[in-house]
Amino acid sequence: MEGNLTSFAIVASIITILYAFYLITSINKADPGDDKMRQIAQAIREGAMAYLNRQTKTIGLIAVVIFVLILVGVGAKVACGFVFGAVLSATAGYIGMNVSVRANSRTAQAAKIGLPEALAMAYRGGSVTGLMVVGLSLLGVATTYLVTGDVESTIGFGFGASLISLFARVGGGIYTKAADVGADLVGKVEAGIPEDDPRNPAVIADNVGDNVGDCAGMGADLFETYAVTLIAAMILAKTSEQVVKTYGQASILFPFALGGIAALATIVGMSFAKLGKSRSITGALYKAQTVTMLLSAVGFWFANQYVLGGNVGVFLAAMVGLVVTLLLTVVTEYYTSTAFNPVRKVAKASETGAGTNIIMGLAVGMQSTAIPVVVIVAAIFGSYALAGIYGIAVAAVSMLSSTGMVIAMDTYGPITDNAGGIAEMAKLPKEVRVITDELDAVGNTTKAVTKGYAIGSAALAAVVLFQAFSDVVTARAGKAIPFLITDPMLIIGLFIGAMLPFLFSAYCMEAVGRAAHGVVNEVRRQFREIKGIMDGTGKPDYRSRTPPAPRLTR
């Protein structure tokens, strides 16, 4: 049974990866547009690859040190798994972003034909990242287990994925925000030129940032969450005598069955992302997601019958994970789409100035946290009631089984954003920009959906990780080690843990400020020293390298 499940996961992941390469081939064959569009797309591509290469070099130096420490302190299996996880995560990011920066000009070109063609191109480009993340993550965990024969050795793979996730998510986020702020401050505010204007060198950096933040960054984030959740569920099943006694040894690798089924369902579901009679872009994307979830549900039922003998509680726990994904999608759509009241209230508040806009925006933002928390709490309670702590693990794996579809919707966002910028900078006809703006408006919502999904899935995964940690510590110590709220050491840990996100966020904000400062000074320098930029006779230096931005002091 164990060999069959591992083999199934590997075969399903390979099929997923091969389908991604099929999509890459179809994208590369599409028309990238005229010379001006290709030049702009090339500048974005060069910037994106330069950023990724620089980031990889930085991570590589740190990874070598960590590898040596793990090798000496833990062992070769975990150390090699660490390298394997880091390499596969970085590979998914490289491939996904390379495709999305090629799909942007092709999406703008497809918009010359019509909305259905542009949507198909953008979604196809986003699908590559989603499929590569899921395929390589599942392949990596399954292969690591197959080679080592030990569930706990897969921890190294998850740690390697976590290293890439930290750098890609934080570094990409800082870069994209700094470029956005710098482009707006100097371009729109000081120079009085349009938002997407090729005379502003920071505009290209802004377009690059959309990709490194929402494509490579979010892809690495969910790659890590997907892998770690699979690993945690497997460790939990192995170390818990109650789980093995209740569901058998097959429960350890049951997550492989869920992951493989959902990956194949995602391939089928993606073909349904087409405009219907209503011509709703959101409807087309959600149709693909719904088909994927329905096919996954059917597959989960058969997997439950084959692997666990038809345990009703575990199957319903898997359904909880799918329902949570659907509910978080709906809630995020409600709070971020222009079609619903929250966004309209903020827009209405803007009529009376920036102050009322900020007040209403903060109010809506804080209000939007309530329903997702209730959904996550209900999911934890329900899945635990159905199948105990293993039910929560299954619900988390089930929820993350939709990762490929969700990342496809997320990466669709920067592709359409770039397509709109290219259409503006290449001075394409107005009707083309109307189509790209319509696609981009939906992309802003789908990016928010992905962030909500990532946070929600991490909340479920955290419960499983804590329990797996507790079980492993208990097994190593030979006795139960309770975590009591009356324990002073636990209270100390809670205070430190609650403080760290605020401190980390403060450092990130400071980094954005320093980077934006450097962007502003560089754009000002080019406007001042490169003659002819403003009248179009001169060309900005999109690849200029400036000294590090000085630290801002009081």
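By convention here, the first residue in the shown sequence is residue 1.
Applying the ring pair (Phe, Tyr, Trp, His ring centres under 6.0 Å) criterion to F159, with sequence neighbours excluded, gives F82. For the side-chain hydrogen bond (donor to acceptor under 3.5 Å, both in side chains) test, residues two or more places apart in sequence or in another chain that qualify with E424 are R433. Residues passing the side-chain hydrogen bond (donor to acceptor under 3.5 Å, both in side chains) test with R344: none are found, sequence neighbours excluded.
Rounding to the nearest 0.5 Å gives a distance of 12.0 Å between CG of D417 and OG of S100. Taken to the nearest 0.5 Å, the CE atom of M319 stands 6.0 Å off from the CZ atom of F300. D206 contributes atom CG, which lies 9.0 Å from atom NZ of K177 (distance to the nearest 0.5 angstrom). Between the CD atom of E46 and the CD1 atom of I204 there is a distance of 10.0 Å, given to the nearest 0.5 Å. In this structure, CG on N104 lies 11.0 Å from CE on M121, to the nearest 0.5 angstrom. Expressed to the nearest 0.5 Å, how far CD1 of I415 lies from CD1 of I422 amounts to 10.5 Å.
At distances below 3.5 Å, at least one donor-acceptor pair connects side-chain atoms of S13 with backbone N or O atoms of I10. T411 places a side-chain N or O within 3.5 Å of a backbone atom of I407 that can act as its donor or acceptor partner. Not a single donor-acceptor pair under 3.5 Å links the side chain of S137 to the backbone N or O of V134. No side-chain donor-acceptor contact under 3.5 Å links S271 to the backbone of I267. Under a 3.5 Å cut-off, the side chain of D180 and the backbone N or O of T176 do not form any donor-acceptor pair. Using modelled atom types, no side-chain atom of Y412 and backbone atom of L119 make a donor-acceptor pair closer than 3.5 Å. With hydrogens and angles disregarded, a donor-acceptor distance shorter than 3.5 Å links the side chain of R106 to the backbone of I27. The main-chain N or O of V432 is never found under 3.5 Å from a side-chain atom of K112 such that the two would form a donor-acceptor pair. Between the side chain of T336 and the main chain of T332, a donor-acceptor pair closer than 3.5 Å is present.
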_Before you tell me yes or no, could you show the steps for T403 and Y453 under side chain to side chain contact (heavy atoms under 4.5 Å, CB included), namely the whole-Å CA-CA distance, both residues' side-chain angles and the distance that decides it to 0.1 Å?_
CA-CA 9 Å; T403 293; Y453 171 84; 3.2 Å; yes
message: Between I371 and Y335, is the side chain to side chain contact (heavy atoms under 4.5 Å, CB included) condition met? List the steps.
response: CA-CA 11 Å; I371 297 178; Y335 278 103; 4.1 Å; yes
Would Y94 and T56 count as a side-chain hydrogen bond (donor to acceptor under 3.5 Å, both in side chains) if you check the C-alpha gap in whole Å, the side-chain angles of each, and the deciding distance to 0.1 Å? CA-CA 10 Å; Y94 262 99; T56 302; 3.1 Å; yes
Begin with the C-alpha distance, continue with both residues' side-chain angles, and end with the deciding distance and a verdict on side chain to side chain contact (heavy atoms under 4.5 Å, CB included) for Y226 and L138. CA-CA 8 Å; Y226 184 89; L138 181 60; 4.1 Å; yes
Residue pair V228, S162: steps toward the side chain to side chain contact (heavy atoms under 4.5 Å, CB included) verdict:
CA-CA 8 Å; V228 167; S162 296; 4.2 Å; yes
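At least one side-chain heavy atom of C508 sits less than 4.5 Å from a side-chain heavy atom of V170. Contact annotation: the side chain of I164 never approaches that of E224 to less than 4.5 Å [non-hydrogen atoms, C-beta and beyond]. Using a 4.5 Å heavy-atom threshold, the side chains of T292 and F272 count as separate. Using a 4.5 Å cut-off on side-chain heavy atoms (C-beta onward), T129 and V99 make no contact. Residues L326 and L322 have side chains not in contact (no heavy-atom distance under 4.5 Å, counting atoms from C-beta outward). The closest side-chain heavy-atom distance from L328 to M399 is below 4.5 Å. Side chains of M293 and S402 form a contact here, defined as non-hydrogen atoms less than 4.5 Å apart. Residues T325 and M405 have side chains not in contact (no heavy-atom distance under 4.5 Å, counting atoms from C-beta outward).
Applying the 6.0 Å contact sphere to NZ of K348 captures no more than 12 heavy atoms from other residues, nucleotides or ligands. Around CE of M509, the count of heavy atoms belonging to other residues, nucleotides or ligands within 6.0 Å does not exceed 12.
Heavy atoms only, all atoms of each residue included: A111 and T436 are closest at CB-CG2, 4.1 Å. Of all the heavy atoms in P116 and R279, the pair that sits closest is CD-NH2, 3.9 Å. Residues Y123 and L285 approach most closely at CD1-CD2, 3.4 Å, considering heavy atoms. V519 approaches A183 most closely through the heavy-atom pair CG1-N, 4.4 Å. The two residues A303 and A257 come nearest to each other via the heavy atoms CB-CB, 4.1 Å. When all heavy atoms are compared, the tightest approach of T416 to D440 is OG1-CA, 3.6 Å.
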Indicate every side-chain donor-acceptor pair of residues 28-38 with a distance under 3.5 Å to a residue at least two apart or in another chain.
{"from": "N28", "atom 1": "ND2", "to": "I24", "atom 2": "O", "distance (Å)": "3.4"}
{"from": "D31", "atom 1": "OD1", "to": "G33", "atom 2": "N", "distance (Å)": "2.9"}
{"from": "D31", "atom 1": "OD2", "to": "Q109", "atom 2": "NE2", "distance (Å)": "3.2"}
{"from": "D34", "atom 1": "OD1", "to": "K36", "atom 2": "N", "distance (Å)": "3.2"}
{"from": "D34", "atom 1": "OD1", "to": "M37", "atom 2": "N", "distance (Å)": "2.8"}
{"from": "D35", "atom 1": "OD1", "to": "R38", "atom 2": "NH2", "distance (Å)": "2.2"}
{"from": "R38", "atom 1": "NH1", "to": "G33", "atom 2": "O", "distance (Å)": "2.5"}

Give the table of side-chain donor-acceptor pairs shorter than 3.5 Å for residues 15-23, with sequence neighbours excluded, one pair per line with atom names and distance.
{"from": "T16", "atom 1": "OG1", "to": "A12", "atom 2": "O", "distance (Å)": "2.8"}

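Sorted by first and then second residue, the ring pair (Phe, Tyr, Trp, His ring centres under 6.0 Å) pairs involving residues 165-189 (not counting sequence neighbours) are Y51-Y175.
The distance between the ring centers of F84 and F157 falls below 6.0 angstrom.
No donor-acceptor contact under 3.5 angstrom links the side chains of S368 and Y334, judged on distance only.
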